[in-house]
Amino acid sequence: MSDTQITITLPDGSKRQYAAGATIKDVAASIGPKLARDAVGGILNPQDGNDEIIDVHTPLKGDCGLKIITVNKPEGLEVLRHSASHVMASAVQRLFPGTQVTFGPAVENGFYYDFKRDEGFTPDDLEKIEAEMKKIVEANQPFVRAEMSRDEAKALFAAKGETFKVEHIDSIPVDATITTYTHGDWVDLCRGPHVPATGLIKAFKLMSVAGAYWKGDEKNPMLARVYGTAFWDQKALDEHLSKLEEAKKRDHRKVGKELDLFSFHPVAPAMPFFHAKGAFIYNQLIEFIRGYYRVLGFDEVITPQIVDMDLFKRSGHYDHYRENMFLCDVDGREFGVKPMNCPGHTLIYSNEKRSYRDLPFRVADFCRLHRYERSGVTAGLTRVRSFAQDDAHIFCREDQIAEEIGTQIAMMKDIFGHFGMESQVGFATRPQQSLGTEAELSASEREAWDQVWMRAEGSLKDVLDSEKLTYTTHKGDGAFYGPKIDFRVKDAIDRWHQLSTVQLDFGLPRRFDLSYVNHEGGESRPVMVHRAMLGSIERFMGILIEHTGGDFPLWLAPVQVRIIGITDENALYATEIQKKLQSLGVRAKVDHRNEKLGFKIRDAEMHKIPVVLVVGKKEQEARSVSVRWRKRGDLGVMQLDPAISLVLQAAAIPSPGEALMGRVQEVARL
RNA sequence: GCCAAGAUAGCUCAGUCGGCAGAGCAGCUGAUUCGUAAUCAGCAGGUCUGGGGUUCAAAUCCCCAUCUUGGCUCCA
């Protein structure tokens, strides 16, 4: 093999010749000694988008593109973390003989390793493991890659009593090369890649212990998972840890309690009780969305909470979703609490004969939904059993899909712009198992479905392209019943959340035999679009609380203005201002407590009140107010009326922006 | 559901070896009438999540239940 030459193409376009089997180490060494020292891995064929990362030990067997990764580079972090997980596993097996190893990959913010150890691990154990890891790092042991046959590998791990590894070898594809990585005297079955030596793992920390099933399947044995994280240097690790601290401070469960927004009670697990202030925000968000519906031609409907399961049999929920539904018996009939609005909306659609002229038919619904989530998976407001969505369904003709989706994308960008959130688009295409692939279908039926999917995916793609959006395609990630577009938004502390979704549905219209009278007087089947912008109001509130840290924009603040009199003598004037503000729709309260100004200011700050108006003798005589704006501080004294208009300006519910309105007008002209 | 940890005053938390239930903040009362992030004093506040057990004695040890929290394959 070594007599053949291979060509490596570097990112600058230059090509270099090497003997087949050369490694990144060889390539780096041929370029320069510094690169040779700093190289920790490489990306194979960086242009093709697959980003296959290999390490410095992996032989390069054919012509390829190569980008060398050096220390301190973000691309190398997952290599570093995977190596850290090996170091951790070796430390664990040193400290706790008899513990079996399983999987230990790098994950988004660190790494983990799953162990088979019936006793599990305690927080004290983590400290011991960390100390042991430090020793291995200090020893700076090189990672050594080796290839071996399937039987050799099985014999090696069987001899060590590693039954999980042996089991796993059997599930590795036959054509794959089986490799092991060794550092010191510790060897693991591993695909790699790894950093050159343990000494590079300078900054790491073990975070927590958790249970996890072998291969994620709850029928399999429970393993003990240890989570950790690693960075190239201590500074980056410290930054990561302080980010976690920041997230903890903003935790919506904590802020929600402090600001008296909501509570939970054991009598209704995972179902929030919204207090006055939380309910205000909830309703205000809905009002915000209604503003868009008014201009975009959505009509709001209200549908029953509890429905005969017959409806859900027809919609398919009975077969596929019953486990997640709350059921009840009504006069001997089986009823279900609705987990989704769509089946109900199809009834409204088919309540009368529809013409192609009636389409698109858009119905919105803020009704509460209930889903039985398994007891272990609920969390604060972000995963609940009782919630509402800014849900809507569009029934339209196939030729209207592009226009409708385009508007939804524009709406999404407009909405999250108001919250100062950046967004990202994902396009999910037809899954392997999907409508039109059923075994019982005839060839011509399959052919027809293939056409439907192709047209639908084509029109979604056209929209994404014509809106000039950058998006990532998730092949086969669409719903069973149609392709979808998902939006992720980034919050103030750089976390991404999937919120909006726009999904095409060919299934429900067929199940409910929906139709419209077409141009030729015949019957056609409409397409249904499921879409939500904020998603679940509850979850969005949770994210919004963490995004803002509880500092809501003025239009969402339950109390916008607090008026503070300096002494009792200012109480009447303070109340007069409150009444005036209230008459203009401003949510204002007076702090009448017998406390010093400093105390009341502090209290208002702690409650994150956006605007504080201080009135004393001077202001009262001049009919002015001293304005203190949150995050901006003392703005000084001004006359009452200008101060009020200042507040009113910032207090309006944001409305659809110009770009979106322009779009609506264009549509109206068509 | 499973693994692990937790639940003490409205909130945040302390409570040693099993031996009388604690603090700060919030609340209430009184004094103080004060100019931009905490005035002083006093008072009240508890079925230690619920149930069972061990013990002379349980917030503390054991068992069961409930709820909450962190997890439960972005593939060796």
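Worth knowing before you read on, the calculation uses all heavy atoms, side chains too, and leaves out hydrogens, waters and symmetry mates. Note on naming: letters A, B, ... go to the chains in the order of the sequence lines (proteins, then strands), and numbering restarts at 1 for each one.
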> Can you find a side chain N or O atom of A/Arg593 that sits less than 4.0 Å from OP1 or OP2 on B/rG27?
Replying inline: yes
> A/Phe103 pairs by ring-ring contact (aromatic ring centres under 6.0 Å, His included) with which of A/Tyr112, A/Trp214, A/Phe111?
Replying inline: A/Trp214
>> My understanding is that a pair needs two contacts under 3.5 Å, Watson-Crick or G-U wobble. By that rule, which nucleotide pairs with B/rU60?
In response: none
> With both distances under 3.5 angstrom, what nucleotide forms a Watson-Crick or G-U wobble pair with B/rC43?
Replying inline: B/rG27
> Tell me: CD of A/Glu595 to C1' of B/rG30, nearest whole Å?
Replying inline: 13 Å
>> Apply side-chain hydrogen bond (donor to acceptor under 3.5 Å, both in side chains) to residues A/Asp188 and A/Tyr113 and explain how you reach the verdict.
In response: CA-CA 12 Å; A/Asp188 195 7; A/Tyr113 210 112; 2.7 Å; yes
> If we take the P atom in both B/rC40 and B/rG35, what is their distance in whole Å?
Replying inline: 16 Å
> What is the nucleic acid contact for A/Phe164, judged by heavy atoms within less than 4.0 Å: base, sugar-phosphate only, or nothing?
Replying inline: nothing
> With a 4.0 Å cut-off on heavy atoms, is A/Ser85 in touch with a base, just the backbone sugar-phosphate, or nothing at all?
Replying inline: nothing
> Looking across every strand, which nucleic acid part, if any, lies under 4.0 Å from A/Glu569 by heavy atom: base, sugar-phosphate, or nothing?
Replying inline: nothing
>> Let's see if you can work this out: which of B/rA76, B/rU36, B/rU68 has an atom nearest to the side-chain heavy atoms of A/Leu597?
In response: B/rU36
> Taking atom C1' of B/rU49 as reference, at what distance in whole Å does atom NE2 of A/His265 sit?
Replying inline: 14 Å
>> Over 60° means perpendicular and under 30° means parallel, so tell me whether A/His82 and A/His194 are parallel, tilted or perpendicular.
In response: tilted
> Distance between the P atoms of B/rU8 and B/rU47, in whole angstroms?
Replying inline: 12 Å
> Counting side-chain heavy atoms from C-beta on, which of B/rC34, B/rA76, B/rG27 comes nearest to A/Lys596?
Replying inline: B/rC34
> For atom C1', what is the distance between B/rA21 and B/rG46, given to the nearest Å?
Replying inline: 8 Å
> Between A/Arg488 and A/Gln498, do the side chains contain an N or O donor and an N or O acceptor separated by less than 3.5 Å?
Replying inline: no
> When you measure from every atom of RNA chain B, which of residues 612-623 of chain A have a heavy atom less than 4.0 Å away?
Replying inline: A/Val614, A/Gly616, A/Lys617, A/Lys618, A/Glu619
> A/Arg602 side chain N/O closer than 4.0 Å to the phosphate oxygens (OP1, OP2) of B/rA38?
Replying inline: no
> Is it the case that A/Thr163 and A/Gln100 place a side-chain donor and acceptor less than 3.5 Å from each other?
Replying inline: yes
> Is a side-chain N or O of A/Arg368 found less than 3.5 angstrom from the main chain of A/Ser386, in a donor-acceptor match?
Replying inline: yes
> Using atom P of each nucleotide, how far apart are B/rC17 and B/rC72 to the nearest Å?
Replying inline: 36 Å
> Using atom C1' of each nucleotide, how far apart are B/rG24 and B/rG15 to the nearest Å?
Replying inline: 15 Å
> When you match A/Phe264 and A/Lys257 each to their closest nucleotide on RNA chain B, which lands nearer the 5' end?
Replying inline: A/Lys257
>> With a sphere of 6.0 Å drawn around CG of A/Asp185, does it hold more than 12 non-hydrogen atoms of other residues, nucleotides or ligands?
In response: no
> What nucleotide among B/rC74, B/rU36, B/rA76 has an atom nearest to a side-chain atom of A/Phe103?
Replying inline: B/rA76
> Paired with B/rG6 by Watson-Crick or G-U wobble geometry, both distances under 3.5 Å: which nucleotide is it?
Replying inline: B/rC67
> What does A/Ala270 touch in the nucleic acid at a heavy-atom separation under 4.0 angstrom: a base, only the sugar-phosphate, or nothing?
Replying inline: sugar-phosphate
> If you measure from the P atom in B/rC74 to the same atom in B/rU54, how many Å do you get, rounded?
Replying inline: 48 Å
> Are A/His240 and A/Asn109 close enough that a side-chain donor and a side-chain acceptor fall under 3.5 Å?
Replying inline: no
>> For A/Phe96, does the six-membered ring have the charged nitrogen or CZ of A/Arg94 within the cation-pi criterion, i.e. under 6.0 angstrom from the centroid and within 45° of the normal?
In response: no
> Would you say the side chain of A/Trp186 lies within less than 4.5 Å of the side chain of A/Gln93, judging by non-hydrogen atoms?
Replying inline: yes
> So which nucleotide from B/rU36, B/rC72, B/rC34 ends up closest to the side chain of A/Val377?
Replying inline: B/rC72
> Touch check for A/Gly633, heavy atoms < 4.0 angstrom, all strands: base, sugar-phosphate only, or nothing?
Replying inline: nothing
> Using purine N1 to pyrimidine N3 plus N6-O4 or O6-N4 for Watson-Crick, or N1-O2 and O6-N3 for G-U wobble, each under 3.5 Å, what pairs with B/rC48?
Replying inline: none
>> From CD of A/Gln498 over to P of B/rC74, roughly how many Å is that when rounded to an integer?
In response: 16 Å
>> Only pairs with both distances under 3.5 Å count, Watson-Crick or wobble alike; so what is the partner of B/rC72 in this structure?
In response: B/rG1
> Over how many whole Å does the gap from A/Arg253 atom CZ to B/rU68 atom C1' extend?
Replying inline: 9 Å
> Nearest to the side chain of A/Ser626 - B/rG35, B/rC75, B/rU39?
Replying inline: B/rG35
>> Does anything in residues 212-228 of chain A come within less than 4.0 Å of RNA chain B? Heavy atoms only, and list the residues if so.
In response: A/Ala212, A/Tyr213, A/Lys215, A/Gly216, A/Met222, A/Arg225, A/Tyr227
> For A/Glu108, which contact category applies under a 4.0 Å heavy-atom criterion: base, sugar-phosphate, or nothing?
Replying inline: base
>> What is the distance, to the nearest angstrom, from the CG atom on A/Asp603 to the P atom on B/rC25?
In response: 14 Å
> Is the charged tip of A/Arg602 near the ring of A/Phe599: under 6.0 Å from the six-membered ring centre and within 45° of its axis?
Replying inline: no
> Counting any heavy atom closer than 4.0 Å, what does A/Thr378 reach on the DNA or RNA strands: base, sugar-phosphate only, or nothing?
Replying inline: sugar-phosphate
>> In this structure, how many angstroms lie between the P atom of B/rC11 and the NE2 atom of A/His275, rounded?
In response: 11 Å
>> Under 6.0 Å from the ring centre and within 45 degrees of the ring axis: does the NZ or CZ of A/Arg81 meet both conditions for the six-membered ring of A/Phe231?
In response: yes
> A/Arg117 near the nucleic acid: base, sugar-phosphate alone, or nothing, with a heavy-atom cut-off under 4.0 Å?
Replying inline: nothing
> P atom, B/rA9 versus B/rC48: distance in rounded Å?
Replying inline: 10 Å
> Given atom CG of A/Asp118 and atom P of B/rA4, what is their separation to the nearest angstrom?
Replying inline: 10 Å
> Expressed as a whole number of Å, how far does the P atom of B/rG6 sit from that of B/rC64?
Replying inline: 16 Å
>> If you only use heavy atoms from C-beta on, which nucleotide in B/rA76, B/rC67, B/rC34 is closest to the side chain of A/Pro266?
In response: B/rC67
> In whole angstroms, how far is the C1' atom of B/rA37 from the CD atom of A/Glu605?
Replying inline: 6 Å
> Paired with B/rU55 by Watson-Crick or G-U wobble geometry, both distances under 3.5 Å: which nucleotide is it?
Replying inline: none
> Is it true that the side chains of A/Ser149 and A/Glu152 contain a donor and an acceptor less than 3.5 Å apart?
Replying inline: yes
>> If you only use heavy atoms from C-beta on, which nucleotide in B/rG35, B/rA37, B/rU39 is closest to the side chain of A/Phe599?
In response: B/rU39
